[in-house]
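Comments concern the structure below.
Ligands are counted one by one from 1 in listed order, and the atoms in each one are counted from 1 as well. Note that the numbering runs from 1 along the sequence shown for the chain.
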Amino acid sequence: MATGVALILTLLVLAWGVTLQRLEAEKTLVNQNARIQQENLATIISENLAQVLDRGRLMSIAANEWFEGDRMAATNRLSAMRTADRAYLRVALYDSAMRRVYTSSPATDTPELRESLRLALSATPAEKPGGPSVGPRPESHEQAWQLPLLFPVSSHNGRPDGILLVILDLGYFLSLYQHIDIGRSGIIQVMKSDGEVVAQARQEGLVLSGQKSLTPLPLNGASRGSLNGAFFEPGRAYRTSFRQLEHHPFIITVSRDIEETLAEHIGSHSRFLSILAVLTAIIALATFWFARSLHRQGRLLSALATADDEKRELILQLEEEKQRAFKLAAHDHLTGLPNRRMFHELVVSHLSRAKRSRKHYALMYVDLDRFKGINDSLGHHVGDLLLQTVSDRLRSCLRESDVIARLGGDEFGLLLTGLESVDDTASIAAKIVDQVSRLCSNLDGNDIQVTPSIGIALFPRDGHDFDTLCRHADAAMYQSKRSGRGKYTFYDPGLNTASDRLLNLEQRLPKAIADNELTLHFQPKVRLSDYRIVGFEALVRWEHPEFGLIYPNDFIPLAEHAGFIIELGDWVAHACCQQLAEWQAEGLEIVPIACNVSAKQLQDKELPRRIAGFLGACGVNARHLEVEITENSLIESIEIATQVLGDLEALGIRIALDDFGNGFSNLAYIRTLPIHCLKIDRAFISDIRNSHDDAVIVASIITLAHNLHMKVIAEGIEMIDQLVHLKTAGCDEAQGYYFSRPVPADAARKLLICSLLGPV
Ligand code: C2E
Ligand code: MG
Ligand code: MG
């Protein structure tokens, strides 16, 4: 940009330089022309005056005849010549005795004239000038233009025989040039050789010497040329061109004010300069404007570039933030390993690929033996350090392509991928046992040794899906524990591990209720129109002192089998009412809690009465309690079940049909029951994205339920795609890990306060 501006400025300076130079050259030319014109004019006038004076000289030659004897002829010739020449007013001839022998018109000779005559007659040829001498001019104003010229009439002895007086009409002569265009300041002068100005002509008129002060010109003896100076008016420079007449004592000058000769040039000069100045101003302004807008544009561009950079940086930051958030959500913060949810996703994705490969996959459950004791005795801090050490060791035993996750507490999940043979699994498991069992030194000053119990389920031998493999790996892991810990065990359907464990559980169950080892977890139900929490499902857990948290699928069938289900069901219903009462007392806006009721409970006619008792005791309105029954529970003694359901409805309790689609789906029959809500089994939901059949079934269940004026709730929502499908199909509510896992009462309370569980 700066180069452009500099270039324009240089061009401007150049333009000015060239213009001024050209104007100067033009001025010189104008001056030169004016001088030549003046000199030419001076030449012409001097030539003319010389001719006039020559005619006077001719008369003097004619007058010579008078002295040679032919007086008559001379007189006639003189009269004729005078008459023909308008420049001469009068002609008179004097003899050597100064007698006037001829005159063209009568006039009196003044003493001054007579004196001039005498001087002219007495002058020797050496003193005599080359032409006539100038006589005294008349004093009267009218005759002031008359210039007496005295021509000697030649004689043989050198002295003049007589003098011819001719009166030159200077006014007439000069008036011929008065109208020549030599400008307003132009002056034509007739001077005597001694520099005395005789007369001059200007545009405004003729001036006689003596009438106006005329400065003599410093001709310095030159006979022709030009000179400059303030000759006529002070402060004004004149150029004067002069010519000395060759045979006569006169000089002609033509003068003109130099400025006037240059006036036209000066006019065009200043016009030209003004135009150039305006152009310069315009170009300078345009350049300034252009430079400024370029500058602004530059600033704008750099601002845009900065904004762009900032935006890019922000996007990067957001991207990093997203990655970090994703990592946090999917990873266990203590060990940095994927969490259970991530493990599920990773394993499912590996298994979907595994189905197309011939390789073996092994899912391992690794549980640390007696970790709880270490944690309790040495503190959580040491327990955490131990978990970190173990997770590092586990990782070191695996390949890059394998999956490792912390499933919770002291439990790790591993997926060995793409194995060539089952033996490879055994050697890796042995390596893990060896590595993990090594002493962990200096964990906050403690040296600890811990052994792992490993359960292994092989794909596809022991199961085709994640849930089955997990279940079997878990069972194998318990077998490891049972058989002495610090071992690995492959799942074997022949092993009676599960039933052993179940027996153990079944025996402990009555004590569990009495010892308060049962607890409720709550899973929110979300309304799909606004993602508000509109209810919870209560799911019972057993906090087993030895096996840890046990899930209902593992002990509800035992409870049913052992006849404890009524007692357990009552505990759950009562616990739900207590929880509602507690939240209510806290001033929370409570939502209904649903408890699961098994088939045996539905055969208990007293159930509604007892539930009414719990509600009453806790001060909870029946509309805040819901009951979930399964299709299968309706198979047995339908009459009693119908009566129990009718009584529950009469209390104001709403009833949902759980795991719908799985059992004997006779909607025609179901419509006769007091059922308010259908819960679509999660088996249909899990594959709703890929299975066209499932999608159709779900859509038709929703339509049918709506036709029967029932609400529809989908369970087992794990992914947003499933949610989108269900929302599009018109499902009313949803429940699943996507929104929240079943959580303890404290966490459920927080969810209730927040109330919103929108898609993330
Ligand atoms: P359910 O009534 O169908 O409960 C839903 C089960 O699905 C729960 O398992 C819950 O944890 C699980 N679940 C919820 N969302 C998801 C999800 O997104 N993905 C997957 N894969 N699972 C999800 P849970 O707690 O193990 O309960 C299992 C079953 O045990 C229940 O099935 C219910 O039939 C029974 N049950 C639970 N609590 C009680 C109870 O207090 N009394 C009776 N009689 N049965 C109960
Ligand atoms: Mg349920
Ligand atoms: Mg269910």
Item to check | Protein contact to atom 5 (C) of ligand 1 [nearest heavy atom, distance to 0.1 Å] | outcome: Glu715 OE1, 4.0 Å
Next on the checklist: Closer than 4.0 Å to some heavy atom of Ser598 - which atoms of ligand 1 meet that?
Outcome noted: 44 (N)
Checklist entry - Does the protein put any heavy atom within less than 4.0 Å of atom 32 (O) of ligand 1? => result no
Checklist entry - Heavy atom under 4.0 Å from ligand 1: found in Pro742's side chain, backbone, both, or neither? => result side chain
Next on the checklist: What I want to find out is whether Arg527 reaches Asp530 closely enough, with some N-O distance under 4.0 Å, to be called a salt bridge.
Outcome noted: yes
Checklist entry - Identify the closest protein heavy atom to atom 16 (C) of ligand 1: which residue and atom is it, and at what distance? => result Tyr737 CE2, 3.3 Å
Item to check | For atom 6 (C) of ligand 1, the protein heavy atom that lies nearest, with its residue and separation | outcome: Arg682 NH1, 3.6 Å
Item to check | 4.5 Å side-chain heavy-atom contact, Ser740 and Val743 | outcome: yes
Item to check | Nearest-neighbour protein heavy atom for atom 29 (C) of ligand 1, which is reported as residue plus atom name and distance | outcome: Asn553 OD1, 3.4 Å
Item to check | Salt-bridge present (Arg749, Asp746; N to O < 4.0 Å) | outcome: no
Next on the checklist: Here's a test for you: under side chain to side chain donor-acceptor pair (under 3.5 Å), which of Arg682, Glu715, Glu537 qualifies with Gln735?
Outcome noted: Glu537
Checklist entry - For ligand 1, which atoms have a heavy atom of Asp659 less than 4.0 angstrom away? => result 3 (O)
Checklist outcome for this item: With rounding to 10 degrees, Glu537 OE2, the Mg ion (ligand 2) and Glu628 OE1 define an angle of 90°
Checklist entry - At a non-hydrogen distance cut-off of under 4.0 Å, which region of Gln523 contacts ligand 1 (side chain, backbone, both, or neither)? => result side chain
Item to check | Arg340 NZ/CZ over Phe343 ring centroid, <6.0 Å and within 45° of normal | outcome: no
Checklist entry - Between Gln735 and ligand 1, which part of the residue brings a heavy atom under 4.0 Å of the ligand: side chain, backbone, both or neither? => result neither
Checklist entry - How far apart are the C-alpha atoms of Glu517 and Lys511, what are their side-chain angles, what is the distance that settles it, and do they pass the salt bridge (Lys or Arg N to Asp or Glu O under 4.0 Å) test? => result CA-CA 8 Å; Glu517 286 174 6; Lys511 202 167 171 296; 5.4 Å; no
Next on the checklist: Let's go through Arg610 and Asp604 carefully: what are the C-alpha distance in whole Å and the side-chain angles of both, what is the deciding distance for salt bridge (Lys or Arg N to Asp or Glu O under 4.0 Å) to 0.1 Å, and is it a yes or a no?
Outcome noted: CA-CA 10 Å; Arg610 286 202 307 277; Asp604 177 8; 2.6 Å; yes
Checklist entry - Within the side chain of Ser480, is there an N or O that forms a donor-acceptor pair under 3.5 Å with the backbone of Thr489? => result yes
Item to check | Within-shell test, Gly716 vs ligand 1, heavy atom, strictly < 4.0 Å | outcome: yes
Checklist entry - What's the shortest distance from atom 46 (C) of ligand 1 to any protein heavy atom, and which residue and atom give it? => result Asn596 CB, 3.6 Å
Item to check | Which segment of Asp658 sits under 4.0 Å of ligand 1 when only heavy atoms are counted | outcome: side chain
Checklist entry - Does the ring centre of Phe564 sit less than 6.0 Å away from the ring centre of Trp571? => result no
Item to check | Carboxylate-amine/guanidinium contact Asp369 Lys481, below 4.0 Å | outcome: yes
Checklist entry - Which heavy atom of Ile697 sits nearest a heavy atom of Ser700, and at what distance? => result O-OG, 2.9 Å
Checklist entry - What atoms in ligand 1 come closer than 4.0 Å to a heavy atom of Ile717? => result 18 (O)
Checklist entry - Can you tell me if an N/O/S atom from Asp658 lies under 2.8 Å from the Mg ion (ligand 3)? => result yes
Next on the checklist: Distance check below 2.8 Å: does Thr630 bring an N, O or S atom to the Mg ion (ligand 2)?
Outcome noted: no
Next on the checklist: Strictly less than 4.0 Å: does any protein heavy-atom distance to atom 9 (O) of ligand 1 fall in that range?
Outcome noted: no
Checklist entry - Has Asp659 got an N/O/S atom less than 2.8 Å from the Mg ion (ligand 3)? => result yes
Item to check | Criterion side-chain contact (heavy atoms from CB on, under 4.5 Å) on Arg341 and His331, from CA distance to verdict | outcome: CA-CA 9 Å; Arg341 179 177 162 178; His331 288 75; over 6 Å; no
Checklist entry - What do we get for Lys679 next to ligand 1 when only non-hydrogen atoms under 4.0 Å count, side chain, backbone, both or neither? => result neither
Checklist entry - Between Val572 and ligand 1, which residue portion shows a heavy-atom distance shorter than 4.0 Å: side chain, backbone, both, or neither? => result side chain
Next on the checklist: Under a 4.0 angstrom heavy-atom cut-off, which atoms of ligand 1 come close to Val540?
Outcome noted: 38 (N), 39 (C), 40 (C), 41 (O)
Checklist entry - Looking only at heavy atoms of Glu537, does any of them come nearer than 4.0 Å to an atom of ligand 1? => result yes
Item to check | Salt-bridge criterion met for Lys525 and Glu628 (N-O under 4.0 Å) | outcome: yes
Checklist entry - Are His344 and Phe466 close enough that their ring centres sit under 6.0 Å apart? => result yes
Item to check | Heavy-atom nearest neighbour in the protein, as seen from atom 20 (C) of ligand 1, with distance rounded to 0.1 Å | outcome: Glu718 OE2, 3.3 Å
Item to check | atom 27 (O) of ligand 1 [closest protein heavy-atom partner, distance rounded to 0.1 Å] | outcome: Pro552 CG, 3.3 Å
Checklist entry - Can you find a heavy atom in the side chain of Val591 that is under 4.5 Å from one in the side chain of Leu752? => result yes
Checklist entry - Within less than 4.0 angstrom of ligand 1, does Arg541 place any heavy atom? => result yes
